[in-house]
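Read through the structure below, which is laid out as C-alpha coordinates, and then see the notes.
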Number of protein chains: 2
Amino acid sequence: MGIAERKEREKQEKRDLIVDAAARIFAEEGYERTSMRGIAERIEYSPATIYLYFKDKDELLHAVHELGFGLLMKEMSKVAAVADPLERLRLISLEYVRFCFEHPQYYNLMFNSLEPLNYYEDHCNWDTGRKAFDFLQYAIEDCMQKGLIVEQEPKALTFFCWSFVHGMVSLYTRNRLRALDLSDEESRALIFTGVNTWLDLMKK
Amino acid sequence: MGIAERKEREKQEKRDLIVDAAARIFAEEGYERTSMRGIAERIEYSPATIYLYFKDKDELLHAVHELGFGLLMKEMSKVAAVADPLERLRLISLEYVRFCFEHPQYYNLMFNSLEPLNYYEDHCNWDTGRKAFDFLQYAIEDCMQKGLIVEQEPKALTFFCWSFVHGMVSLYTRNRLRALDLSDEESRALIFTGVNTWLDLMKK
DNA sequence: GCAATTTACTGAACATTGTTTAGTAAGTAA
DNA sequence: TTACTTACTAAACAATGTTCAGTAAATTGC
(Lines give C-alpha, C1' and ligand atoms only; values in the text may rest on other atoms or scores of the structure.)
Protein backbone atom coordinates (compact mmCIF):
# COMPACT_ATOMS: atom_id res chain seq x y z
CA MET A 1 0.00 0.00 0.00
CA GLY A 2 2.45 2.65 -1.19
CA ILE A 3 -0.21 5.28 -1.71
CA ALA A 4 -1.52 5.20 1.83
CA GLU A 5 2.01 5.48 3.16
CA ARG A 6 2.83 8.39 0.92
CA LYS A 7 -0.34 10.13 2.05
CA GLU A 8 0.52 9.52 5.67
CA ARG A 9 3.98 10.95 5.06
CA GLU A 10 2.60 13.98 3.26
CA LYS A 11 0.17 14.59 6.06
CA GLN A 12 2.98 14.52 8.61
CA GLU A 13 5.06 16.83 6.44
CA LYS A 14 2.26 19.35 6.24
CA ARG A 15 1.75 19.14 9.96
CA ASP A 16 5.40 19.91 10.46
CA LEU A 17 5.18 22.74 7.98
CA ILE A 18 2.40 24.32 10.02
CA VAL A 19 4.17 23.85 13.35
CA ASP A 20 7.35 25.27 11.88
CA ALA A 21 5.58 28.34 10.54
CA ALA A 22 3.71 28.78 13.80
CA ALA A 23 6.92 28.52 15.80
CA ARG A 24 8.60 31.07 13.55
CA ILE A 25 5.83 33.64 13.74
CA PHE A 26 5.36 32.98 17.37
CA ALA A 27 9.07 33.58 17.99
CA GLU A 28 8.89 36.81 16.03
CA GLU A 29 5.63 38.22 17.29
CA GLY A 30 4.98 36.53 20.59
CA TYR A 31 2.04 34.39 21.56
CA GLU A 32 -0.69 36.96 21.69
CA ARG A 33 0.01 38.56 18.37
CA THR A 34 0.25 35.29 16.49
CA SER A 35 -2.98 34.76 14.59
CA MET A 36 -4.20 31.68 12.82
CA ARG A 37 -4.69 33.79 9.72
CA GLY A 38 -1.08 34.93 9.90
CA ILE A 39 0.17 31.38 10.10
CA ALA A 40 -2.09 30.33 7.24
CA GLU A 41 -0.84 33.17 5.09
CA ARG A 42 2.78 32.25 5.75
CA ILE A 43 2.30 28.68 4.55
CA GLU A 44 0.05 29.88 1.73
CA TYR A 45 -2.99 27.90 2.80
CA SER A 46 -6.40 28.92 3.98
CA PRO A 47 -6.89 29.32 7.75
CA ALA A 48 -9.40 26.48 7.68
CA THR A 49 -6.70 24.08 6.55
CA ILE A 50 -4.89 24.40 9.86
CA TYR A 51 -8.01 23.11 11.56
CA LEU A 52 -7.72 19.88 9.59
CA TYR A 53 -4.44 19.24 11.36
CA PHE A 54 -5.05 20.85 14.76
CA LYS A 55 -8.22 21.02 16.82
CA ASP A 56 -7.66 24.65 17.75
CA LYS A 57 -5.03 27.28 18.44
CA ASP A 58 -4.34 25.63 21.75
CA GLU A 59 -3.38 22.35 20.22
CA LEU A 60 -1.21 24.02 17.61
CA LEU A 61 0.65 25.99 20.21
CA HIS A 62 1.05 22.87 22.24
CA ALA A 63 2.99 21.42 19.33
CA VAL A 64 5.22 24.50 19.30
CA HIS A 65 5.56 24.03 23.04
CA GLU A 66 6.88 20.52 22.54
CA LEU A 67 9.31 21.84 19.97
CA GLY A 68 10.63 24.26 22.54
CA PHE A 69 11.15 21.51 25.08
CA GLY A 70 13.05 19.51 22.51
CA LEU A 71 15.32 22.48 22.04
CA LEU A 72 15.83 23.00 25.76
CA MET A 73 16.59 19.35 26.39
CA LYS A 74 19.08 19.38 23.54
CA GLU A 75 20.89 22.34 25.08
CA MET A 76 20.88 20.87 28.56
CA SER A 77 21.95 17.43 27.41
CA LYS A 78 25.17 18.90 26.09
CA VAL A 79 26.56 18.90 29.61
CA ALA A 80 25.18 15.51 30.66
CA ALA A 81 28.61 13.95 30.37
CA VAL A 82 30.35 16.28 32.83
CA ALA A 83 31.58 14.08 35.65
CA ASP A 84 31.65 16.52 38.56
CA PRO A 85 27.97 16.71 39.56
CA LEU A 86 28.27 20.15 41.09
CA GLU A 87 29.86 21.54 37.96
CA ARG A 88 27.22 19.73 35.91
CA LEU A 89 24.49 21.32 38.00
CA ARG A 90 26.08 24.71 37.41
CA LEU A 91 26.29 24.15 33.66
CA ILE A 92 22.72 22.90 33.45
CA SER A 93 21.54 26.06 35.17
CA LEU A 94 23.58 28.24 32.88
CA GLU A 95 22.24 26.46 29.81
CA TYR A 96 18.74 26.96 31.15
CA VAL A 97 19.36 30.67 31.59
CA ARG A 98 20.94 30.94 28.18
CA PHE A 99 17.96 29.17 26.62
CA CYS A 100 15.65 31.75 28.13
CA PHE A 101 17.82 34.58 26.85
CA GLU A 102 17.97 33.19 23.33
CA HIS A 103 14.38 31.98 23.04
CA PRO A 104 12.33 34.12 25.38
CA GLN A 105 9.11 33.45 23.48
CA TYR A 106 9.62 29.72 23.72
CA TYR A 107 10.51 30.07 27.36
CA ASN A 108 7.42 32.03 28.23
CA LEU A 109 5.22 29.66 26.32
CA MET A 110 6.77 26.72 28.12
CA PHE A 111 6.83 28.09 31.64
CA ASN A 112 4.82 31.27 31.94
CA SER A 113 1.87 31.07 29.62
CA LEU A 114 -1.48 29.94 30.87
CA GLU A 115 -3.15 29.56 27.51
CA PRO A 116 -1.99 26.34 25.90
CA LEU A 117 -2.63 24.53 29.13
CA ASN A 118 -6.25 23.87 28.43
CA TYR A 119 -4.65 21.13 26.41
CA TYR A 120 -3.17 19.61 29.55
CA GLU A 121 -6.41 19.77 31.46
CA ASP A 122 -7.60 17.13 29.05
CA HIS A 123 -4.35 15.27 28.45
CA CYS A 124 -3.42 15.81 32.08
CA ASN A 125 0.26 14.87 32.35
CA TRP A 126 3.11 17.18 31.49
CA ASP A 127 5.64 14.64 30.30
CA THR A 128 8.00 17.00 28.55
CA GLY A 129 8.27 19.22 31.58
CA ARG A 130 8.68 16.21 33.80
CA LYS A 131 11.60 14.98 31.74
CA ALA A 132 13.52 18.24 32.15
CA PHE A 133 12.75 18.24 35.87
CA ASP A 134 14.07 14.69 36.27
CA PHE A 135 17.23 15.62 34.45
CA LEU A 136 17.84 18.36 37.00
CA GLN A 137 16.87 16.19 39.94
CA TYR A 138 19.32 13.52 38.87
CA ALA A 139 22.21 16.01 38.98
CA ILE A 140 21.11 17.21 42.41
CA GLU A 141 20.82 13.71 43.83
CA ASP A 142 24.27 13.04 42.49
CA CYS A 143 25.61 16.09 44.35
CA MET A 144 23.84 15.06 47.51
CA GLN A 145 25.09 11.48 47.46
CA LYS A 146 28.63 12.75 47.16
CA GLY A 147 28.04 15.08 50.08
CA LEU A 148 28.65 18.23 48.04
CA ILE A 149 25.51 20.09 48.97
CA VAL A 150 23.07 20.36 51.85
CA GLU A 151 20.83 17.42 52.55
CA GLN A 152 17.19 17.83 51.67
CA GLU A 153 14.36 15.91 50.18
CA PRO A 154 15.64 15.71 46.56
CA LYS A 155 12.40 16.56 44.83
CA ALA A 156 11.89 19.57 47.08
CA LEU A 157 15.43 20.83 46.58
CA THR A 158 15.14 20.37 42.84
CA PHE A 159 11.99 22.42 42.89
CA PHE A 160 13.78 25.14 44.86
CA CYS A 161 16.66 25.24 42.37
CA TRP A 162 14.31 25.39 39.47
CA SER A 163 12.20 28.07 41.14
CA PHE A 164 15.18 30.25 41.84
CA VAL A 165 16.45 30.28 38.27
CA HIS A 166 12.96 30.42 36.84
CA GLY A 167 12.18 33.36 39.08
CA MET A 168 15.19 35.32 37.91
CA VAL A 169 14.73 34.77 34.22
CA SER A 170 10.99 35.28 34.41
CA LEU A 171 11.31 38.63 36.10
CA TYR A 172 13.85 39.45 33.44
CA THR A 173 11.81 38.43 30.40
CA ARG A 174 8.68 39.91 31.90
CA ASN A 175 10.51 43.19 32.24
CA ARG A 176 10.14 43.46 36.00
CA LEU A 177 13.83 44.19 36.53
CA ARG A 178 12.87 47.70 35.66
CA ALA A 179 12.70 48.15 39.43
CA LEU A 180 16.48 47.66 39.62
CA ASP A 181 17.64 50.37 37.22
CA LEU A 182 20.00 48.08 35.35
CA SER A 183 21.02 47.89 31.73
CA ASP A 184 20.20 44.76 29.81
CA GLU A 185 23.78 43.49 30.06
CA GLU A 186 23.92 44.18 33.78
CA SER A 187 20.66 42.30 34.29
CA ARG A 188 21.95 39.27 32.45
CA ALA A 189 25.23 39.36 34.31
CA LEU A 190 23.34 39.59 37.60
CA ILE A 191 21.38 36.47 36.74
CA PHE A 192 24.54 34.52 35.98
CA THR A 193 25.94 35.75 39.28
CA GLY A 194 22.74 34.58 40.91
CA VAL A 195 23.28 31.03 39.72
CA ASN A 196 26.73 30.95 41.31
CA THR A 197 25.54 32.58 44.51
CA TRP A 198 22.79 30.01 44.81
CA LEU A 199 25.19 27.11 44.31
CA ASP A 200 27.55 28.56 46.90
CA LEU A 201 24.71 28.76 49.39
CA MET A 202 23.79 25.14 48.73
CA LYS A 203 27.33 23.89 49.15
CA LYS A 204 28.13 22.25 52.41
CA MET B 1 -16.72 76.87 42.07
CA GLY B 2 -18.86 74.16 43.62
CA ILE B 3 -20.07 72.75 40.32
CA ALA B 4 -16.64 72.14 38.87
CA GLU B 5 -15.60 70.40 42.06
CA ARG B 6 -18.67 68.23 42.13
CA LYS B 7 -18.06 67.28 38.51
CA GLU B 8 -14.47 66.45 39.27
CA ARG B 9 -15.60 64.31 42.17
CA GLU B 10 -18.23 62.55 40.08
CA LYS B 11 -15.69 61.87 37.38
CA GLN B 12 -13.34 60.31 39.91
CA GLU B 13 -16.18 58.24 41.33
CA LYS B 14 -17.07 56.89 37.94
CA ARG B 15 -13.45 56.11 37.25
CA ASP B 16 -13.32 54.16 40.48
CA LEU B 17 -16.54 52.41 39.59
CA ILE B 18 -15.01 51.23 36.34
CA VAL B 19 -11.74 50.11 37.92
CA ASP B 20 -13.65 48.31 40.63
CA ALA B 21 -15.81 46.46 38.14
CA ALA B 22 -12.79 45.65 36.00
CA ALA B 23 -10.89 44.33 39.03
CA ARG B 24 -13.86 42.19 40.02
CA ILE B 25 -14.41 40.65 36.61
CA PHE B 26 -10.71 40.29 36.13
CA ALA B 27 -10.42 38.44 39.43
CA GLU B 28 -13.28 36.16 38.45
CA GLU B 29 -12.41 35.51 34.84
CA GLY B 30 -8.71 36.23 34.50
CA TYR B 31 -7.05 38.75 32.27
CA GLU B 32 -7.67 37.20 28.88
CA ARG B 33 -11.34 36.57 29.31
CA THR B 34 -12.11 40.02 30.63
CA SER B 35 -13.67 42.05 27.84
CA MET B 36 -14.39 45.74 27.67
CA ARG B 37 -17.96 44.89 26.78
CA GLY B 38 -18.24 42.72 29.87
CA ILE B 39 -17.02 45.50 32.12
CA ALA B 40 -19.37 47.98 30.45
CA GLU B 41 -22.30 45.66 30.93
CA ARG B 42 -21.50 45.22 34.62
CA ILE B 43 -21.55 48.95 35.30
CA GLU B 44 -24.52 49.39 32.97
CA TYR B 45 -22.83 51.80 30.58
CA SER B 46 -21.94 51.53 26.96
CA PRO B 47 -18.46 50.19 26.13
CA ALA B 48 -17.59 53.53 24.57
CA THR B 49 -18.00 55.23 27.95
CA ILE B 50 -14.99 53.39 29.36
CA TYR B 51 -12.88 54.99 26.66
CA LEU B 52 -13.80 58.42 28.04
CA TYR B 53 -11.98 57.48 31.24
CA PHE B 54 -9.24 55.20 29.94
CA LYS B 55 -7.26 55.38 26.74
CA ASP B 56 -7.48 51.65 26.13
CA LYS B 57 -7.69 48.29 27.84
CA ASP B 58 -4.03 48.58 28.75
CA GLU B 59 -4.53 51.74 30.74
CA LEU B 60 -7.57 50.34 32.50
CA LEU B 61 -5.73 47.22 33.50
CA HIS B 62 -2.86 49.33 34.67
CA ALA B 63 -5.28 50.92 37.15
CA VAL B 64 -6.27 47.46 38.37
CA HIS B 65 -2.58 46.68 38.56
CA GLU B 66 -2.02 49.63 40.90
CA LEU B 67 -4.93 48.46 43.02
CA GLY B 68 -3.23 45.10 43.38
CA PHE B 69 0.00 46.69 44.49
CA GLY B 70 -1.87 48.70 47.08
CA LEU B 71 -3.27 45.44 48.41
CA LEU B 72 0.11 43.73 48.47
CA MET B 73 1.80 46.63 50.21
CA LYS B 74 -0.98 46.69 52.78
CA GLU B 75 -0.44 43.01 53.53
CA MET B 76 3.32 43.31 53.70
CA SER B 77 3.22 46.46 55.83
CA LYS B 78 1.45 44.54 58.56
CA VAL B 79 4.79 43.08 59.63
CA ALA B 80 6.84 46.26 59.21
CA ALA B 81 6.96 46.74 62.98
CA VAL B 82 8.54 43.37 63.76
CA ALA B 83 11.87 44.18 65.39
CA ASP B 84 13.91 41.08 64.53
CA PRO B 85 14.89 41.73 60.90
CA LEU B 86 15.30 38.07 60.05
CA GLU B 87 11.87 37.26 61.38
CA ARG B 88 10.54 40.29 59.56
CA LEU B 89 12.09 39.06 56.35
CA ARG B 90 10.47 35.69 56.89
CA LEU B 91 7.07 37.23 57.52
CA ILE B 92 7.32 39.50 54.50
CA SER B 93 8.05 36.48 52.32
CA LEU B 94 5.15 34.56 53.80
CA GLU B 95 2.79 37.48 53.25
CA TYR B 96 3.99 37.70 49.69
CA VAL B 97 3.28 34.02 49.14
CA ARG B 98 -0.09 34.30 50.81
CA PHE B 99 -0.97 37.25 48.62
CA CYS B 100 -0.27 35.17 45.55
CA PHE B 101 -2.39 32.32 46.88
CA GLU B 102 -5.31 34.57 47.68
CA HIS B 103 -5.17 36.84 44.64
CA PRO B 104 -3.53 34.84 41.87
CA GLN B 105 -5.08 36.98 39.14
CA TYR B 106 -3.73 40.13 40.71
CA TYR B 107 -0.38 38.47 41.20
CA ASN B 108 -0.07 37.36 37.62
CA LEU B 109 -1.14 40.74 36.35
CA MET B 110 1.44 42.42 38.55
CA PHE B 111 4.39 40.12 37.96
CA ASN B 112 3.75 37.76 35.09
CA SER B 113 1.65 39.49 32.51
CA LEU B 114 3.25 41.12 29.54
CA GLU B 115 0.20 42.93 28.25
CA PRO B 116 -0.40 45.97 30.38
CA LEU B 117 3.23 46.86 30.10
CA ASN B 118 2.82 48.83 26.94
CA TYR B 119 1.74 51.41 29.43
CA TYR B 120 5.15 51.39 31.01
CA GLU B 121 6.97 51.66 27.75
CA ASP B 122 5.53 55.16 27.61
CA HIS B 123 5.49 56.01 31.29
CA CYS B 124 8.74 54.16 31.76
CA ASN B 125 9.16 53.85 35.53
CA TRP B 126 7.60 51.15 37.64
CA ASP B 127 7.18 53.06 40.87
CA THR B 128 4.74 50.73 42.57
CA GLY B 129 6.96 47.73 41.95
CA ARG B 130 9.97 49.69 43.07
CA LYS B 131 8.31 50.53 46.37
CA ALA B 132 7.69 46.88 47.19
CA PHE B 133 11.25 46.03 46.21
CA ASP B 134 12.67 48.73 48.46
CA PHE B 135 10.60 47.45 51.34
CA LEU B 136 12.18 44.04 50.94
CA GLN B 137 15.66 45.44 50.44
CA TYR B 138 15.38 47.43 53.64
CA ALA B 139 14.68 44.28 55.66
CA ILE B 140 17.60 42.50 54.01
CA GLU B 141 20.01 45.36 54.65
CA ASP B 142 18.87 45.31 58.23
CA CYS B 143 19.69 41.62 58.49
CA MET B 144 23.05 42.15 56.88
CA GLN B 145 24.05 45.03 59.13
CA LYS B 146 23.31 42.91 62.16
CA GLY B 147 25.40 40.12 60.71
CA LEU B 148 22.51 37.68 60.52
CA ILE B 149 22.89 36.65 56.89
CA VAL B 150 25.61 36.28 54.28
CA GLU B 151 27.21 39.43 52.98
CA GLN B 152 26.34 40.43 49.43
CA GLU B 153 25.56 43.47 47.40
CA PRO B 154 22.13 44.31 48.94
CA LYS B 155 20.30 45.03 45.73
CA ALA B 156 21.54 41.78 44.20
CA LEU B 157 20.63 39.71 47.23
CA THR B 158 17.20 41.32 47.36
CA PHE B 159 16.71 40.40 43.74
CA PHE B 160 17.71 36.81 44.52
CA CYS B 161 15.25 36.58 47.40
CA TRP B 162 12.49 38.01 45.34
CA SER B 163 13.32 35.73 42.41
CA PHE B 164 13.26 32.65 44.56
CA VAL B 165 9.83 33.29 46.01
CA HIS B 166 8.50 34.64 42.76
CA GLY B 167 9.77 31.54 40.98
CA MET B 168 8.00 29.20 43.36
CA VAL B 169 4.65 30.93 43.36
CA SER B 170 4.76 31.53 39.61
CA LEU B 171 5.36 27.90 38.82
CA TYR B 172 2.51 27.17 41.19
CA THR B 173 -0.03 29.62 39.76
CA ARG B 174 1.01 28.76 36.24
CA ASN B 175 0.31 25.14 36.99
CA ARG B 176 3.82 23.90 36.30
CA LEU B 177 4.03 21.97 39.55
CA ARG B 178 2.15 19.34 37.66
CA ALA B 179 5.61 17.87 37.12
CA LEU B 180 5.86 17.12 40.84
CA ASP B 181 2.73 15.01 41.34
CA LEU B 182 1.58 16.93 44.39
CA SER B 183 -1.83 17.86 45.68
CA ASP B 184 -2.68 21.51 45.94
CA GLU B 185 -2.15 21.52 49.70
CA GLU B 186 1.18 19.74 49.37
CA SER B 187 2.30 22.28 46.78
CA ARG B 188 1.44 25.19 49.02
CA ALA B 189 3.13 23.57 51.99
CA LEU B 190 6.23 22.95 49.90
CA ILE B 191 6.38 26.64 49.00
CA PHE B 192 6.18 27.68 52.64
CA THR B 193 8.93 25.18 53.38
CA GLY B 194 10.91 26.72 50.57
CA VAL B 195 10.83 30.12 52.21
CA ASN B 196 12.28 28.68 55.41
CA THR B 197 14.88 26.63 53.57
CA TRP B 198 16.01 29.70 51.68
CA LEU B 199 16.34 31.75 54.85
CA ASP B 200 18.32 28.96 56.49
CA LEU B 201 20.69 28.91 53.56
CA MET B 202 21.17 32.65 53.78
CA LYS B 203 21.88 32.59 57.51
CA LYS B 204 25.46 32.86 58.53
C1' DG C 1 -35.52 83.32 30.85
C1' DC C 2 -33.51 82.26 26.42
C1' DA C 3 -29.66 80.91 23.31
C1' DA C 4 -25.09 78.99 22.85
C1' DT C 5 -21.90 75.89 24.34
C1' DT C 6 -19.97 72.27 26.81
C1' DT C 7 -20.33 67.75 28.89
C1' DA C 8 -21.51 62.85 29.28
C1' DC C 9 -22.93 59.42 26.95
C1' DT C 10 -24.47 55.99 23.29
C1' DG C 11 -25.58 53.28 18.80
C1' DA C 12 -23.66 51.78 15.16
C1' DA C 13 -19.90 50.76 12.71
C1' DC C 14 -14.94 48.97 11.67
C1' DA C 15 -11.27 45.90 11.59
C1' DT C 16 -9.55 41.89 13.54
C1' DT C 17 -9.78 37.74 15.99
C1' DG C 18 -10.77 32.12 16.41
C1' DT C 19 -13.69 28.84 14.41
C1' DT C 20 -17.36 26.34 11.52
C1' DT C 21 -19.71 24.86 7.53
C1' DA C 22 -21.05 23.97 2.96
C1' DG C 23 -19.16 23.21 -1.18
C1' DT C 24 -15.51 22.04 -4.80
C1' DA C 25 -12.07 19.97 -7.36
C1' DA C 26 -8.75 16.64 -7.61
C1' DG C 27 -7.15 11.98 -6.58
C1' DT C 28 -8.32 7.06 -5.81
C1' DA C 29 -10.87 2.79 -6.34
C1' DA C 30 -14.27 -0.30 -8.45
C1' DT D 1 -16.33 5.51 -16.91
C1' DT D 2 -18.51 5.96 -12.39
C1' DA D 3 -18.66 6.33 -7.44
C1' DC D 4 -16.26 7.68 -3.49
C1' DT D 5 -12.76 9.79 -0.65
C1' DT D 6 -9.54 13.21 0.39
C1' DA D 7 -7.64 17.94 0.70
C1' DC D 8 -8.74 22.13 0.59
C1' DT D 9 -11.13 26.80 0.50
C1' DA D 10 -14.55 30.80 0.41
C1' DA D 11 -17.64 32.67 3.06
C1' DA D 12 -19.82 33.30 7.08
C1' DC D 13 -20.37 33.64 12.36
C1' DA D 14 -19.75 35.43 16.76
C1' DA D 15 -16.83 37.96 19.73
C1' DT D 16 -13.17 41.10 20.41
C1' DG D 17 -10.97 46.21 21.05
C1' DT D 18 -11.78 50.66 19.38
C1' DT D 19 -13.66 54.87 16.97
C1' DC D 20 -16.90 58.32 15.61
C1' DA D 21 -20.95 60.85 14.56
C1' DG D 22 -24.75 62.18 16.88
C1' DT D 23 -27.87 63.30 21.01
C1' DA D 24 -29.75 64.91 25.03
C1' DA D 25 -28.93 67.05 29.13
C1' DA D 26 -26.36 70.29 32.05
C1' DT D 27 -24.06 74.59 32.26
C1' DT D 28 -22.88 79.18 30.95
C1' DG D 29 -23.35 83.90 29.06
C1' DC D 30 -26.42 87.45 27.99
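Each chain gets a letter, A, B and so on, in the order the sequences are listed, and its residues count up from 1. Keep in mind that the numbers below use all heavy atoms, side chains included, and drop hydrogens, waters and symmetry copies.
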Pairs under 3.5 Å (N/O, protein and nucleotides 4-8 of chain D):
unit_1	atom_1	unit_2	atom_2	d
dC8(D)	OP1	Lys14(A)	NZ	2.3
dC8(D)	OP2	Tyr53(A)	OH	2.7

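- Between the NZ atom of Lys57(A) and the P atom of dA15(D) there is a distance of 18 Å, given to the nearest Å.
- With a 4.5 Å cut-off on side-chain heavy atoms, Met110(B) and Thr128(B) do not count as touching.
- If you take CD of Glu8(B) and P of dA8(C), they are 10 Å apart, rounded to a whole angstrom.
- The number of heavy atoms from other shown groups lying within 6.0 Å of CD (Glu10(A)) is above 12.
- If you measure from atom CZ of Phe26(B) to atom P of dG17(D), you get 14 Å, rounded to the nearest angstrom.
- Every residue two or more places apart in sequence or in another chain was checked for a side chain to side chain donor-acceptor pair (under 3.5 Å) with Glu95(B), and none qualifies.
- Between Tyr96(A) and Trp162(A) the shortest side-chain heavy-atom distance falls below 4.5 Å.
- Counting only heavy atoms from C-beta on, Ala48(B) has its side chain closest to dG11(C) among dT19(C), dT18(D), dG11(C).
- Asp200(A) and Lys203(A) are joined by a salt bridge, as a carboxylate oxygen and a charged side-chain nitrogen come within less than 4.0 angstrom of each other.
- For Arg37(A) and Glu44(A), each mapped to the nucleotide of DNA chain D holding its nearest heavy atom, the one lying further toward the 5' end belongs to Glu44(A).
- Across the protein-nucleic acid pair, Glu32(B) atom CD and dG18(C) atom P stand 12 Å apart, rounded to whole Å.
- For Asp56(A) and dT17(C), the CG to P distance is 17 Å, given to the nearest whole Å.
- One can place CD1 of Ile50(B) at 12 Å from P of dC9(C), the figure rounded to the nearest angstrom.
- Rounded to an integer number of Å, the gap from CD of Gln12(B) to P of dA8(C) is 13 Å.
- Between Ser46(A) and Ala40(A), the closest heavy-atom pair is C-CB, 3.8 Å.
- Atom C1' of nucleotide dG17(D) and atom OH of Tyr31(B) are separated by 11 Å, given to the nearest angstrom.
- In the set dT20(C), dC13(D), dT19(D), dT19(D) carries the atom at the smallest distance from any side-chain atom of Tyr51(B).
- For Arg174(B) (side chain) and Asn112(A) (main-chain N/O), a donor-acceptor pair under 3.5 Å exists by modelled atom type.
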